[in-house]
Q: 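Mind having a look at this structure? Questions to follow.
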Amino acid sequence: MSNEDLMQKIVSLCKKRGFVFQSSEIYGGLKSAYDYGPLGVELKRNIMAEWWKAMVHEREDIVGIDASIIMKPDVWKASGHLSSFTDPLVDCLICKERFRADKAEVVEQGSDAVISFSDKGKAKVALETLEKMGHDLKRNGKEITGATAERNYVCTNCGSPFLSEEKNFNLMFKTSLGAVDNKNEIVQMLLDNKDLSKNELIKKIEDIESKSAVYLRPETAQAMFVQFNNVMNSMSMKLPFGIAQQGKSFRNEITVEHFIFRSCEFEQMEMEYFCYPEQSKEKMEYWKETRFNWYIDRLGINKEKLRLRAHDDDELAFYSDSCYDVEYAYPWGWDELEGIASRTDYDLKQHEKHSKVKLQYFDAERINPETGKKGMHFTPYVIEPAAGATRTTLMVLIDAYDEEPGVDGKEGRTVLRLLPRLAPIKVAIFPLVKKDGMPDKARTIAKRFTEKGINCKYEEQHAIGKRYRRHDEIGTPFCLTIDTQTMDDDTITIRYRDDMRQERINIEDALSIILEKLN
RNA sequence: GCGGGUGUGGCUCAGUGGUAGAGCUCCAGUCUUCCAAACUGGCUGCGUGGGUUCGAUUCCCAUCACCCGCUCCA
């Protein structure tokens with residue numbers, strides 16, 4: 001099976017069996033937006049619950065929060081997202097290349113511009129385009145000359161000075177808080193300033209808009225820095241300690257791709273681990289190992305398909321002193337699942353600077369080198385394991401997908417070999433046939449599972465074989481079947497998804513056997 | 001954003017300038033006692049908007065979405 005086929009099959013299975021649907025499908029769909037169906041929501045929640053269990057419940061040193069998605073814009077000014085998330089993008093009108101104006105090589109305004117192409121043919125086509133635009137230029141082989149640089153940069157690809165206007169592309173979703181409509185104010189400003197240039201007017205409109213502008217968070221991390229004091233004080237946290245959060249984040253991605261892998265609305269599982277500066281190296285080692293192993297031990301992912309990759313120096317954000325990505329071998333290649341970044345004391349210090357509120361830790365035992373006495377305030381360093389819940393869900397589906405060919409003239413089957421703990425439905429309970437009191441008996445048994453918090457599904461339609469195969473396809477690890485013998489001696493058959501093996505067991509034992517296999 | 005491809009019932013696909021079929025699924029019934037059984041009957045569709053035409057699912061244009069590659073990815 002080719003990799004492209006695999007992705008198509010996953011996407012198709014997701015829709016067919018109720019894992020993931022295209023958002024707003026009946027209206028033609030919305031780019032990069034997906035809805036989780038009845039089984040998808042179970043799977044995603046199970047994955048996120050595993051994370052929460054491992055990162056919060058099972059640990060003394062980490063606590064969770066659930067912050068609001070919209071925060072005061074000052075947060076994003078301090079974090080740097082407002083400025084660095086805004087890229088001035090320009091399109092080349094000749095070669096169609098899109099590039100960042102601030103990253104283009106600087107040239108002298110008014111100097112001669114040479115537009116060059118990889119071959120004569122492309123140059124010829126470009127010359128025709130330019131003629132249609134009303135420019136009379138000369139072509140010499142692969143190059144076109146005679147144009148003048150109108151700005152202090154030209155196209156990074158072909159050197160053309162014929163460019164679109166700079167468009168500010170903000171990676172954060174902007175909206176406005178409050179029911180007030182500022183259109184009147186904008187119109188009045190325009191009427192009052194008819195003599196201003198276009199750029200000056202844009203600036204003024206932005207000023208008006210910014211009064212009510214708020215942003216959807218592009219990451220969950222900032223709330224954990226902003227609430228540092230509240231969490232530390234209310235929970236009496238002692239260094240090193242962590243704050244964890246799961247939730248939706250939003251980014252106006254330039255390119256969205258690979259189904260739910262990169263989408264504008266996505267879900268994160270992030271944790272900020274605060275520590276003494278001198279501990280940060282050791283904690284980095286600890287977290288990258290811990291997080292890597294989580295995928296193997298707690299999600300049951302194939303070890304061979306996971307790797308830990310250190311960022312090159314040129315990949316590192318300026319405030320970060322080291323960063324590792326947990327990557328998975330997706331059908332399209334190795335790609336990111338989680339980033340574990342050492343962020344130094346950058347974030348807390350930024351917020352301290354902007355909010356004028358001290359975001360520091362007080363250690364009563366530590367000797368302050370300045371005074372030589374016990375007791376010292378300082379800004380902790382932070383290690384941030386930031387995982388994508390959405391892409392983890394996709395990865396789990398891909399990793400679990402398997403097809404078995406049919407043997408002895410029997411139909412082949414599709415199996416999701418999910419770890420039982422992650423399966424949307426843990427147990428399916430069937431009456432062998434729909435009569436002789438079997439349905440009632442089966443329902444009674446199903447109730448005993450749901451009462452224990454195990455997601456259990458009763459089903460009676462179709463033939464028994466079809467029910468088994470359908471549950472293989474959605475990853476249900478156990479099927480229990482009630483037959484005539486059950487009515488006599490209270491035994492049932494348990495059928496295992498992975499090898500289709502069947503065993504006859506007592507009803508009384510079913511619950512404990514399955515509970516054991518779920519842990 | 002660029003280039004290429006795709007869009008036909010729930011799924012996978014076929015097909016035609018005269019409003020469409022198959023397999024599977026689904027629903028009802030008969031029958032069925034363990035791995036997608038059989039039989040009978042039934043529901044559901046040409047992504048959207050324009051244009052050409054007597055007539056468009058088919059041709060043209062636009063648009064939306066998805067896939068592949070490039071670009072981008074704090």
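In what follows, chains carry the letters A, B, and so on, assigned in the order in which the sequence lines appear, proteins first and then strands, with residues in each chain numbered from 1.
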Q: Could you work out the separation of B/rG5 and B/rC73 based on their P atoms and round it to a whole Å?
A: 28 Å
Q: Considering only atom P, compute the distance from B/rU6 to B/rU19 and round it to an integer number of Å.
A: 26 Å
Q: Give me the distance, rounded to whole Å, that separates B/rU8 from B/rU16 when you measure between the C1' atoms they each carry.
A: 12 Å
Q: Begin from the C-alpha positions of A/Tyr215 and A/Val75 and carry the test side-chain contact (heavy atoms from CB on, under 4.5 Å) through to its verdict.
A: CA-CA 10 Å; A/Tyr215 302 87; A/Val75 171; over 6 Å; no
Q: Think A/His258 has a side-chain N or O under 4.0 angstrom from the OP1 or OP2 of B/rC68?
A: yes
Q: Please report the closest heavy-atom contact between A/Asp489 and A/Asn506, naming both atoms and the distance.
A: O-OD1, 4.4 Å
Q: Scan A/Asp472 against the nucleic acid and name what it touches under 4.0 Å (heavy atoms): base, sugar-phosphate only, or nothing.
A: nothing
Q: For B/rU12 and A/Ser12 - does any side-chain N or O of the residue sit under 4.0 Å from the phosphate oxygens OP1/OP2?
A: yes
Q: Looking at RNA chain B, which of residues 21-28 of chain A put a heavy atom within less than 4.0 Å of it?
A: A/Gln22, A/Gly28
Q: When the C1' atoms of B/rG7 and B/rG49 are compared, how many Å lie between them, rounded to an integer?
A: 16 Å
Q: Mapping A/Arg343 and A/Tyr496 to their closest nucleotides on RNA chain B, which lands nearer the 5' end?
A: A/Tyr496
Q: Measure from CZ on A/Phe250 to P on B/rC73 and round the result to the nearest Å.
A: 23 Å
Q: OH of A/Tyr34 versus C1' of B/rC66: gap in Å, rounded?
A: 7 Å
Q: Could you give the CZ-to-C1' distance, from A/Phe261 to B/rC73, as a whole number of Å?
A: 10 Å
Q: Does any nucleotide pair with B/rA56 by Watson-Crick or G-U wobble geometry, both distances under 3.5 Å, and what is it?
A: none
Q: What is the distance, rounded to the nearest whole Å, between atom CD1 of A/Ile464 and atom P of B/rA37?
A: 11 Å
Q: Roughly, in whole Å, what's the span from CZ in A/Arg470 to C1' in B/rU25?
A: 10 Å
Q: Quote, to the nearest angstrom, the C1' distance that separates B/rA65 from B/rC24.
A: 26 Å
Q: Output the single nucleotide from B/rA36, B/rC27, B/rU33 whose closest atom is nearest the side chain of A/Glu473.
A: B/rA36
Q: B/rC31 pairs with which nucleotide, Watson-Crick or G-U wobble, both distances below 3.5 Å?
A: none
Q: Just to verify, which of A/Arg417, A/Arg497, A/Arg495, A/Arg467 counts as forming a salt bridge (Lys or Arg N to Asp or Glu O under 4.0 Å) with A/Asp472?
A: A/Arg495
Q: Looking at B/rC27, I'd like to know if its phosphate oxygens (OP1 or OP2) sit under 4.0 Å from a side-chain N or O belonging to A/His462.
A: yes
Q: When we call it a touch if two heavy atoms are under 4.0 Å apart, what does A/Arg504 touch: a base, just sugar-phosphate, or nothing?
A: nothing
Q: Using a 4.0 Å heavy-atom cut-off across all strands, classify A/Arg413 as base, sugar-phosphate, or nothing.
A: nothing
Q: Applying the Watson-Crick and G-U wobble criteria at under 3.5 Å, what pairs with B/rC70? Answer none if nothing qualifies.
A: B/rG1
Q: Does NZ or CZ of A/Arg309 come closer than 6.0 Å to the centre of the six-membered ring of A/Trp334, within 45° of the ring's axis?
A: no
Q: Classify the angle between the aromatic ring planes of A/His258 and A/Trp332 as parallel (below 30°), tilted (30 to 60°) or perpendicular (above 60°).
A: parallel
Q: On a whole-Å scale, what distance lies between the C1' atoms belonging to B/rG47 and B/rC64?
A: 8 Å
Q: Please determine whether a side-chain nitrogen or oxygen atom of A/Lys16 lies at a distance below 4.0 Å from atom OP1 or OP2 of B/rU25.
A: no
Q: With RNA chain B as reference, determine whether A/Arg469 or A/Thr255 sits nearer its 5' end, using the nearest nucleotide of each.
A: A/Arg469
Q: State yes or no: are the ring centers of A/Phe274 and A/Phe228 separated by less than 6.0 Å?
A: yes
Q: For the C1' atoms, the ones on B/rC54 and on B/rG41, what distance do you get once it is rounded to whole angstrom?
A: 39 Å
Q: Base, sugar-phosphate, or nothing for A/Leu30, non-hydrogen atoms under 4.0 angstrom?
A: sugar-phosphate
Q: For A/Lys435 and B/rU33, is the shortest distance between a side-chain N/O and OP1 or OP2 below 4.0 Å?
A: no
Q: B/rC60 and B/rG4: how far apart are their P atoms, nearest whole angstrom?
A: 15 Å
Q: If you only use heavy atoms from C-beta on, which nucleotide in B/rC34, B/rA37, B/rU33 is closest to the side chain of A/Thr493?
A: B/rC34
Q: What do you reckon, are the aromatic ring centroids of A/Phe261 and A/Phe259 less than 6.0 Å apart?
A: no
Q: When only distance counts, do a donor and an acceptor, one from the side chain of A/Gln502 and one from the base of B/rC34, lie under 3.5 Å apart?
A: yes
Q: Tell me what A/Glu404 touches on the nucleic acid: a base, only sugar-phosphate, or nothing, going by heavy atoms under 4.0 Å.
A: nothing
Q: Rounded to the Å, how far apart are A/Arg467 CZ and B/rU32 P?
A: 16 Å
Q: Base, sugar-phosphate alone, or nothing: which one does A/Phe259 contact when heavy atoms must sit under 4.0 Å apart?
A: sugar-phosphate
Q: Among the nucleotides B/rU32, B/rC34, B/rC26, which one has an atom lying closest to any side-chain atom of A/Lys466?
A: B/rC26
Q: NA contact type, A/Thr486, heavy-atom cut-off 4.0 Å: base, sugar-phosphate, or nothing?
A: nothing
Q: Within a reach of under 6.0 Å around NZ of A/Lys353, are more than 12 heavy atoms found that belong to other residues, nucleotides or ligands?
A: no
Q: Whom does B/rA14 pair with, Watson-Crick or G-U wobble, provided both distances fall under 3.5 Å?
A: none
Q: State, with a plain yes or no, whether a side-chain heavy atom of A/Met395 is found less than 4.5 Å away from one of A/Tyr295.
A: yes
Q: If every non-hydrogen atom of A/Trp76 is compared with every non-hydrogen atom of A/Glu219, which pair is closest and at what distance?
A: CH2-O, 3.9 Å
Q: Between B/rA65 atom P and A/Gln8 atom CD, what is the distance in whole Å?
A: 19 Å
Q: Sequence neighbours left out, what pairs pass side-chain hydrogen bond (donor to acceptor under 3.5 Å, both in side chains) with at least one residue falling in residues 383-398 of chain A?
A: A/Arg343-A/Glu384
Q: Rounded to whole Å, how long is the line connecting atom CZ of A/Arg495 with atom C1' of B/rC34?
A: 10 Å
Q: Please name the nucleotide paired to B/rA65 by Watson-Crick or G-U wobble geometry with both distances under 3.5 Å, or report none.
A: B/rU6
